[in-house]
Amino acid sequence: MGRAAFVLGVVVLMRFVAEALDNGLALKPTMGWLHWERFMCNTDCEADPDNCISERLFMQMADVMVKEGWKEAGYEYVCIDDCWPSKQRDAQGRLQADPKRFPSGIKKLADYVHSKGLKLGIYADLGYQTCGKYPGSLGHHEIDAQTFADWDVDLLKYDGCYLDWTLVGEGYKNMSRALNKTGKSILYSCEWPLYVWPYAKPDYTAIRETCNHWRNYDDVSDSWSSIKSILDWSAKHQDDIVPSAGPGGWNDPDMLVIGNFGLSHAQQESQMALWAIMAAPLIMSNDLRDICPRSKALLQNKRIIAISQDPLGKQGYQTFKENDFAVWERQLSGDRHAIAVMNTQEIGGPRKFLLGVAPGWKLCNPKCNVTLILPKYQELGVVPVQTDLMLPVNPSGTTLLTFTSLNTSQN
Ligand code: GAL
């Protein structure tokens, strides 16, 4: 059994290190869908028409997002990743979509996505080519920003392949300025720190002033080892990264892979809970046309989404790690607090974690209201201080709760 009697007591207030990029966007972590992890660089529309990177894929995803409750749950951006363009720029030097796979062009696709009440995202790279070896934006960032604005694109994921790391910062700033100059609000998703970390500590003040979210670490894949490595990295570097998150700018631990092949249901619950605690963008990469009902219910769980989208906009972090348990906490608005308890032991059945509601917890002194969200919803009711909560936690799963203060004098 694990025990933590001091959680909530260790929560310290951290200040933002900088102002956010002032484009009025991403006041809450972005929610949407992105093709990369699930569909990668599949360009073979002849052999695999249903899964290749084509306008059809994004139109179908937009249709499903409206029909199957995704839009209503908050998922808003339908995003194209790498491998969309033609290998050649047009006669005016502009990027153009591959004519076979996107016969109607990106502007028409944006119109279609907008007609569904959704937004369209696109991908480019600051180097001389993209990671998938499509044309890069080096020397073309102004014309590319203007092209995306002319197409009515709403989000740009800007990658950092194929450029010396010392030039990456300038590259990200240049595109940020170019997007701003178009006069259109385009959410700006960066990978700046990911390309700097191998050589130096990234400048999170500048990153937050430049980008709406930023990838810090490796690409997610459809496996528990990938999710674990992202969580380990985030906990290890939390003093560096957590203070820079807040309305307008967020740390991006990469896509949600829930609904694919590699994670057990308990592991999917861990990804969803921890991404909400980390105030991470909730950008799914899966096949929404064919997803199992349990994964769908998890991704659309309104109580978890409410934690993710909490208006206070404070990123949570790990506060306890012992005896194969890890506890993560996030301060929420309205005298509320979320706690995620993860069982990192990958053998056996559910293990009990004893959460002691200690006198030091201002939030629950003299009492608070506790709601269990994962593994199932249950109102645990009013809990006075000095109560021990016994929480079963599934192997590689997460038990998620919220605590609401009933102490009226507290603020
Ligand atoms: C990687 C990036 C991935 C994906 C891929 C496309 O560098 O981190 O998320 O965009 O490039 O080639």
Side-chain angles (χ1 to χ4, degrees), residues 29-44 51-54 57-58 61 77-87 95 97-98 101-102 106 120-138 141 144 148 153 155-165 167-169 171-172 175 186-199 202 207 211-223 225-227 229-230 233-234 237 241 250-258 260 262 271 275 278 280-287:
T30 307
M31 292 178 68
W33 181 91
L34 174 65
H35 92 242
W36 186 255
E37 193 288 323
R38 177 64 186 253
F39 296 94
M40 300 190 73
C41 198
N42 181 349
T43 54
D44 192 352
N51 300 300
C52 68
I53 307 314
S54 69
L57 181 71
F58 298 97
M61 238 30 96
Y77 288 84
V78 184
C79 302
I80 307 171
D81 207 288
D82 205 350
C83 308
W84 64 269
S86 161
K87 293 264 174 165
L95 287 170
D98 181 281
R101 294 181 286 118
F102 293 84
I106 304 293
L120 184 72
I122 206 160
Y123 168 99
D125 185 290
L126 49 67
Y128 59 88
Q129 53 185 3
T130 72
C131 303
K133 300 204 161 65
Y134 285 79
S137 296
L138 189 63
H141 62 272
D144 290 351
F148 300 145
V153 162
L155 177 150
L156 173 66
K157 172 174 172 177
Y158 204 42
D159 212 334
C161 270
Y162 294 107
L163 194 68
D164 189 85
W165 76 274
L167 303 172
V168 159
Y172 276 106
M175 181 53 96
I186 300 178
L187 200 150
Y188 188 35
S189 166
C190 300
E191 302 198 26
W192 179 353
L194 163 65
Y195 287 95
V196 171
W197 269 115
Y199 311 98
I207 291 168
C211 304
N212 291 118
H213 30 87
W214 47 86
R215 285 270 312 282
N216 290 303
Y217 182 64
D218 292 353
D219 291 5
V220 72
S221 65
D222 188 13
S223 73
S225 62
S226 165
I227 302 302
S229 72
I230 293 171
W233 190 94
S234 303
H237 296 86
I241 66 170
W250 312 96
N251 289 293
D252 178 6
D254 211 2
M255 295 158 265
L256 294 168
V257 293
I258 296 164
N260 290 317
Q271 192 187 24
W275 262 235
M278 292 192 291
L282 300 181
I283 301 181
M284 309 176 278
S285 193
N286 48 16
D287 190 348

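What you are looking at is a predicted structure, and each value in this text was computed from that prediction instead of being measured. For ligands, and for the atoms within them, numbers begin at 1 and follow the listed sequence.
Near Tyr123, the atoms of ligand 1 lying under 4.0 angstrom from a non-hydrogen atom of the residue are 6 (C), 10 (O), 11 (O), 12 (O). Annotation for ligand 1: atoms under 4.0 Å from non-hydrogen atoms of Asp81 are 4 (C), 6 (C), 10 (O). Remark: ligand 1 atoms within the under-4.0 Å shell around heavy atoms of Asp159 are 1 (C), 2 (C), 5 (C), 7 (O), 10 (O), 11 (O). Per-residue contacts place Arg215 under 4.0 angstrom from the following atoms of ligand 1 (heavy atoms of the residue considered): 8 (O), 9 (O). Set against the non-hydrogen atoms of Gly132, the atoms of ligand 1 under 4.0 Å away are 12 (O). The Tyr195 neighbourhood of ligand 1 comprises atoms 7 (O), with distances under 4.0 Å to a heavy atom of that residue. Ligand 1 places these atoms under 4.0 Å from at least one heavy atom of Glu191: 2 (C), 8 (O), 9 (O).
The shortest distance between side-chain heavy atoms of Asn286 and Val257 does not fall below 4.5 Å. A 4.5 Å side-chain heavy-atom check between Tyr188 and Trp214 finds every atom pair outside the cut-off.
The distance from atom CG of Asn260 to atom CG of Asp222, rounded to the nearest 0.5 Å, is 4.5 Å. Tyr158 OH to Glu191 CD: the interatomic distance, rounded to the nearest 0.5 Å, is 12.0 Å. Of the inter-residue distances, the one linking Asp252 atom CG with Met278 atom CE reads 9.5 Å to the nearest 0.5 angstrom.
Of all protein heavy atoms, the one closest to atom 5 (C) of ligand 1 is Trp36 CE2, 3.7 Å. Here the protein heavy atom with the shortest distance to atom 8 (O) of ligand 1 is Asp219 OD1, 2.6 Å. Considering only non-hydrogen protein atoms, atom 9 (O) of ligand 1 sits nearest to Lys157 NZ, 2.7 Å. Among protein heavy atoms, the minimum distance from atom 12 (O) of ligand 1 is reached at Asp82 OD2, 2.7 Å.
Neither the backbone nor the side chain of Tyr217 comes within contact range of ligand 1; no heavy atom lies under 4.0 Å.
The closest side-chain donor-acceptor pair between His35 and Ser285, if any, does not fall under 3.5 angstrom. Using modelled atom types, one finds a donor on one side chain and an acceptor on the other under 3.5 Å when comparing Tyr195 with Asp159. Thr130 and Asp82 share a donor-acceptor pair across their side chains, judged by distance under 3.5 Å alone.
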* To do: Begin with the C-alpha distance, continue with both residues' side-chain angles, and end with the deciding distance and a verdict on side-chain hydrogen bond (donor to acceptor under 3.5 Å, both in side chains) for Asp144 and Ser137.
  => CA-CA 7 Å; Asp144 290 351; Ser137 296; 2.7 Å; yes
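Proximity of Tyr134 to ligand 1 is not established, as no heavy-atom distance is less than 4.0 Å.
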